[in-house]
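When reading the values below, keep in mind they use all heavy atoms of this one structure, side chains included, and skip hydrogens, waters and symmetry mates. All figures in this text were calculated on a predicted structure; none of them were measured in a lab.
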Amino acid sequence: WYPVMNALSRSLVLPKQHQIHGRNYSVDSPACCKPLTVASGSIACEIDSNGIERLSLREDGWSYYKWRGHACHYISAGEDNEGPLVVLVHGFGAHAYHWRYTIPALAKDGFRVYALCMMGYGWSSKAEEKYSIQFWGEQVIDFSRDIAGASEDDPAFIAGNSIGAFAALYAASTAATQCRGLCLVNSAGNFEPGAGPGPEKQTLAQRLVKETDSGHSGEGTLLNKLQELPGRTVALAILIFTKLRIKQILNQVYEFEDQVDDALVRSINMAAEDPAAAGAFYQISQAGQRTARPARDLLTSYEGPLMLLWGEKDPWMTPSKARQILEIKPDAVYTPVLAGHCPQDDAPQQTTTELSKWMSRVSSEGIA
């Protein structure tokens, strides 16, 4: 997420039978809503301008649960299916809806699908906590067990994108008995030999937004509050600037700009409109320096099935990072995708198909 922080500090109308990215799509009308029928009922879906099914945006969110006293958000589908559990973890600045194509597609394939919003993001609480990879990783562990129902007898696949992949790696390596397999999608984290747990390189935002020695923010002495003031001011300025540039930033890391549509931009902007967003962003900007375990150590300790689903055109987490991971885990399944940093939304059909195939194969082989 370090390049993401650095970037923050600095409806397609188609004719009928139009070709995009080498694929033909028949578009007779604008996107229309319809229910996706799964074993547990239905969730509202729509057909996008490329003819692909996805979740319809719900501005009030989907489902909520309480974690550590805070309201947290998630989306689920296919809860009563008989297939394996799947837990999806979003990346920096995103939310559960960023898996808008993956959720209905996997549910139709028979999986029980659960996508959470990590605290500080999306529809979840913007409480001022000491955010770090272990904080979010523990949330993924608890969510997988308490909400999705993962257990030693019924473990879950965990797939994460960007910073969510780092959190997913923490969860999979720390609570291995409830993880059936791990999919890293353009993962954040420094996998170089001897690398520490902190940022690969400190961004301007991270240099300006400094950690203080106080306890929970707002609970320290007056001096500590004054020490935090410059960092909080910078965090607020970056947040405001980012709200004005969401589409531009997304276009920098998506291969196919038509995927950066109004619904995606609106969904991300809504989180930034939360009155508590500035305080949460201040804390999130310090997550890297609070992270205790290096990514390489977590990866080395993980012994389960591993897939690397990688957008090859990612300007932030380039394929060289995937090669570093493969040097540590040569048996991992590497699947490149013509996409940018978020292949699950940038190239949703190929990404979901490959993920579904891999999970089905692992399940059929009885690997847990």
Side-chain angles (χ1 to χ4, degrees), residues 1-7 9 89-92 118 130-138 140-141 157-177 179-207 209-211 253 284-337 339-343 358 362 367:
W1 71 98
Y2 316 116
V4 187
M5 287 292 299
N6 198 38
S9 55
V89 192
H90 62 82
F92 182 91
M118 294 187 291
K130 297 295 185 182
Y131 295 115
S132 66
I133 290 302
Q134 54 265 24
F135 181 95
W136 289 312
E138 288 164 5
V140 173
I141 291 170
F157 287 99
I158 307 177
N161 175 224
S162 186
I163 188 176
F166 200 168
L169 173 58
Y170 179 96
S173 61
T174 305
T177 58
C179 178
R180 185 186 297 266
L182 173 65
C183 178
L184 300 179
V185 185
N186 292 69
S187 180
N190 191 345
F191 296 93
E192 291 278 2
E200 294 163 80
K201 57 182 179 180
Q202 208 172 46
T203 66
L204 174 62
Q206 289 164 340
R207 289 196 300 271
V209 183
K210 295 184 180 296
E211 173 72 283
V253 296
I284 288 170
S285 67
Q286 302 172 60
Q289 64 198 56
R290 293 176 181 147
T291 294
R293 292 192 63 188
R296 188 180 182 93
D297 289 358
L298 291 170
L299 183 63
T300 301
S301 66
Y302 175 70
E303 298 180 347
L306 177 63
M307 180 186 199
L308 306 181
L309 196 51
W310 219 269
E312 291 192 296
K313 300 297 184 178
D314 186 350
W316 293 340
M317 310 302 174
T318 65
S320 63
K321 186 181 289 288
R323 290 193 289 271
Q324 292 174 3
I325 297 172
L326 287 169
E327 290 176 0
I328 304 168
K329 294 291 185 181
D331 293 334
V333 174
Y334 176 61
T335 305
V337 179
H341 185 60
C342 311
W358 175 75
V362 171
I367 303 173

Counting N and O atoms only, with roles assigned by atom type, does the side chain of [X] sit under 3.5 Å from a partner on the main chain of [Y], one being a donor and the other an acceptor?
X	Y	result
T291	I133	yes
S301	L298	yes
K321	G189	yes
N186	G311	yes

Looking at [atom1] of [X] and [atom2] of [Y], how far apart are the two atoms once the value is rounded to the nearest 0.5 Å?
X	Y	atom1	atom2	result
L169	I158	CG	CD1	9.5 Å
S162	W316	OG	CH2	7.5 Å
D331	L306	CG	CG	9.5 Å
I163	M317	CD1	CE	9.0 Å
I325	F191	CD1	CZ	4.0 Å
R290	I284	CZ	CD1	10.0 Å

> With sequence neighbours left out, what residues match E312 under side-chain hydrogen bond (donor to acceptor under 3.5 Å, both in side chains)?
Replying inline: none
> Does T177 have any side-chain hydrogen bond (donor to acceptor under 3.5 Å, both in side chains) partners at least two apart in sequence or in another chain, and if so, which?
Replying inline: none
> Can you check side chain to side chain contact (heavy atoms under 4.5 Å, CB included) on R296 and N190, steps first, answer last?
Replying inline: CA-CA 7 Å; R296 188 180 182 93; N190 191 345; over 6 Å; no
>> Working note: Y334 + W310, criterion ring pair (Phe, Tyr, Trp, His ring centres under 6.0 Å); need CA distance, chi angles, decisive distance, verdict.
In response: CA-CA 8 Å; Y334 176 61; W310 219 269; 7.1 Å; no
>> Once side chain to side chain contact (heavy atoms under 4.5 Å, CB included) is applied, do any residues pair with T174, and if so which ones, sequence neighbours excluded?
In response: I141, Y170, R293
>> Working note: F157 + V362, criterion side chain to side chain contact (heavy atoms under 4.5 Å, CB included); need CA distance, chi angles, decisive distance, verdict.
In response: CA-CA 10 Å; F157 287 99; V362 171; 3.9 Å; yes
>> The test is side chain to side chain contact (heavy atoms under 4.5 Å, CB included); show your working for L182 and Y302 and say whether it passes.
In response: CA-CA 9 Å; L182 173 65; Y302 175 70; 3.6 Å; yes
